[in-house]
Amino acid sequence: MKSNTELLRLMNLPVFSDEKELASLIHVDPGRIKKLSIYSHRYYKKYNIPKSNGKIREIKQPRKDLKGIQAWILRNILDKLTPTVFATAYIKGKNISSNVTPHCNNKYFMLLDLEEFFPSISIRRAEKIFSLIGYSKEAVHILSMLCTCDGSLPQGAVSSPSLSNLIAAKLDRRIAGYTSKRNIAYTRYADDITLSSNNPVTLCKSLPIFLKIIKSEHFEPNMNKLRVLGPKKRCSITGLIKNNSEPKFGIGKKKKKLMRAVMHHFLFDLSKDNKYTSEESILGWLDYLKSVDEVSFKQVNSYWERLKKKKSK
């Protein structure tokens, strides 16, 4: 199969049909491209980190040369492709606030988690993405080999997040197609699925359909993390807390109180938090707060400024 040059140019994507042409675009030796694609599994540092549930997550960190090529693929190909509006992670201009905003006016929430999200995405599914946008069979194979390890998306590769969003696009469209007719809001933040409604019966009755769609799209729902929340329960979605008195998500009173204590202890040389050991780390958290909860940011930042004035006296 030849490259669909017209389609690639229309999408403003780099045109190439084989490893030699790709190597010329990236300015590396063709033999290096071939070696990295055929033996990609040899160019990862692999290590395990514990999950909160006691299980192990395997991280596969690409070596510098392979990471550089993956970054080129990300910048020149993947970032130019648009995932669905329901995907809210790994997208420029979106964050966890984007994930919860569509749910602000609802009272009932269903939270689902996809098991082993990146490892569950096979090289064949990556090949399908590169093929659909118009690359030749040889180019598809090379791109997919460079972006996968041991036959699936590696957790740790810079190209994996963007590829996962494109591959999960059909899942997003199918769930959204079902929910849009039933006044159910849907978003997906990587492997975290959020569904919400003001009708708890409709939401709960839809669960078997959601599970069927997820499984038919070759993902596995983690039933141990399934949660259904109502107005009387504390609702936390991707780290943000629902304010039951108004249609708004924020960091929550507990986190605000904790960070005020961290700031006070830091400035006045009391017991310091292990995570926030410098002024830069505190300012970094304030930047994050500003992006997800502007009202709380103004309150906490004002407190920080007052503390600094008090310290300087």
Side-chain angles (χ1 to χ4, degrees), residues 7-8 11-14 57 59-62 67 69-103 111-135 140 143-149 151-180 185-196 210 213-222 225 237-240 291-292:
L7 179 61
L8 292 172
M11 299 174 73
N12 193 29
L13 298 175
R57 174 180 285 114
I59 303 298
K60 298 176 180 178
Q61 186 177 344
K67 183 179 179 180
I69 293 173
Q70 289 174 347
W72 186 92
I73 294 170
L74 174 66
R75 185 172 59 254
N76 292 279
I77 300 177
L78 301 175
D79 278 351
K80 292 183 179 181
L81 304 174
T82 306
T84 66
V85 296
F86 310 101
T88 58
Y90 319 126
I91 300 169
K92 188 176 181 179
K94 289 190 176 185
N95 56 26
I96 56 173
S97 184
S98 310
N99 189 58
V100 299
T101 298
H103 306 281
L111 309 180
L112 276 165
D113 181 83
L114 300 180
E115 190 86 52
E116 299 294 334
F117 185 54
F118 285 167
S120 70
I121 297 175
S122 70
I123 186 174
R124 302 296 170 223
R125 300 174 77 182
E127 288 175 339
K128 188 174 181 180
I129 293 296
F130 291 120
S131 179
L132 284 172
I133 59 180
Y135 282 107
V140 164
L143 288 168
S144 300
M145 289 293 287
L146 289 169
C147 292
T148 59
C149 178
S152 64
L153 291 193
Q155 178 109 23
V158 294
S159 50
S160 290
S162 191
L163 253 179
S164 71
N165 272 338
L166 296 169
I167 290 166
K170 189 179 176 185
L171 169 72
D172 293 339
R173 288 193 293 267
R174 288 185 64 189
I175 293 180
Y178 177 85
T179 58
S180 63
Y186 164 68
T187 58
R188 180 182 56 80
Y189 192 86
D191 57 349
D192 291 321
I193 287 176
T194 303
L195 301 132
S196 67
F210 299 144
I213 293 172
I214 290 169
K215 290 180 179 180
S216 67
E217 289 302 320
H218 309 289
F219 292 104
E220 192 63 35
N222 185 343
K225 288 191 175 182
I237 300 176
T238 50
L240 296 179
S291 70
V292 299

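Note that the structure is predicted; figures quoted are calculated from it, not measured.
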Inset, instruction - Output all residues satisfying side-chain hydrogen bond (donor to acceptor under 3.5 Å, both in side chains) with Glu127, sequence neighbours left out; order by chain, then residue number. - result: Arg124

Inset, instruction - Could you tell me which non-hydrogen atom of Ser144 sits nearest to which non-hydrogen atom of Ala126, and how far apart they are? - result: OG-C, 3.7 Å

Legend entry - Heavy-atom pair with the smallest gap, counting every atom of Ala157 and Pro161: O-CD, 3.4 Å

Legend entry - side-chain contact (heavy atoms from CB on, under 4.5 Å) between Leu13 and Leu81, worked out: CA-CA 9 Å; Leu13 298 175; Leu81 304 174; 4.1 Å; yes

Inset, instruction - Check whether any side-chain heavy atom of Thr148 sits under 4.5 Å from a side-chain heavy atom of Leu153, and report yes or no. - result: yes

Legend entry - Any Lys128 side-chain heavy atom under 4.5 Å of Ile167 side chain: no

Legend entry - Ser180 OG to Ile175 CD1 distance, which is reported to the nearest 0.5 Å: 12.0 Å

Inset, instruction - Please tell me if the side chains of Ser120 and His218 come closer than 4.5 Å, counting only heavy atoms from C-beta onward. - result: no

Legend entry - Interatomic distance, Glu116 atom CD to Asn222 atom CG [nearest 0.5 angstrom]: 9.0 Å

Legend entry - Reported CG-to-OH distance for the pair Leu8 and Tyr135, which is rounded to 0.5 angstrom: 5.0 Å

Inset, instruction - Side-chain contact test, heavy atoms from C-beta onward, threshold under 4.5 Å: evaluate it for Trp72 versus Pro14 and give yes or no. - result: yes

Legend entry - Check: Leu111 main-chain N/O paired with Asp192 side-chain donor or acceptor under 3.5 Å: no

Inset, instruction - Would you mind listing every side-chain hydrogen bond (donor to acceptor under 3.5 Å, both in side chains) that reaches into residues 84-98, with sequence neighbours excluded? - result: Thr84-Asp172, Thr88-Asn99

Inset, instruction - Kindly give the heavy-atom pair with the smallest separation between Pro119 and Ser152, and that separation in Å. - result: O-CB, 3.3 Å

Legend entry - Distance, nearest 0.5 Å, that separates CZ of Arg188 from CG of Leu171: 6.5 Å

Inset, instruction - Would you give the length of the straight line joining atom OG1 of Thr194 to atom CG of Asp113, rounded to the nearest 0.5 angstrom? - result: 10.5 Å

Legend entry - Nearest heavy-atom neighbours spanning Ile121 and Ser164: CD1-CB, 3.8 Å

Legend entry - Rounded distance [0.5 Å steps], CD1 in Ile129 versus OG in Ser162: 10.0 Å

Inset, instruction - Start with the C-alpha distance between Ile237 and Thr187, add both sets of side-chain angles, then the distance that settles side-chain contact (heavy atoms from CB on, under 4.5 Å), and finish with yes or no. - result: CA-CA 11 Å; Ile237 300 176; Thr187 58; over 6 Å; no

Legend entry - Heavy-atom side-chain proximity of Lys215 to Glu220 below 4.5 angstrom: yes

Legend entry - Near-ring test Tyr186/Tyr178, centroid separation under 6.0 angstrom: no

Legend entry - Ser216 side chain to Ile213 backbone, donor-acceptor under 3.5 Å: yes

Inset, instruction - Would you indicate whether the side-chain heavy atoms of Ile91 and Pro83 approach each other to under 4.5 Å? - result: yes

Inset, instruction - Taking all heavy atoms of Gly156 and all of Pro62, pick out the closest pair and write down the distance. - result: O-CD, 3.5 Å

Legend entry - Cation-pi, Phe219 ring and Arg125 (6.0 angstrom, 45 degrees): yes

Inset, instruction - Can you see which heavy atom on Ile96 is nearest to which on Thr238, and at what distance? - result: CD1-O, 3.4 Å

Inset, instruction - Report yes if the side chains of Glu217 and Lys170 come closer than 4.5 Å at any heavy-atom pair, otherwise no. - result: yes

Inset, instruction - Decide yes or no for Phe130 and Ile77: does some side-chain heavy atom of the first lie under 4.5 Å from some side-chain heavy atom of the second? - result: yes

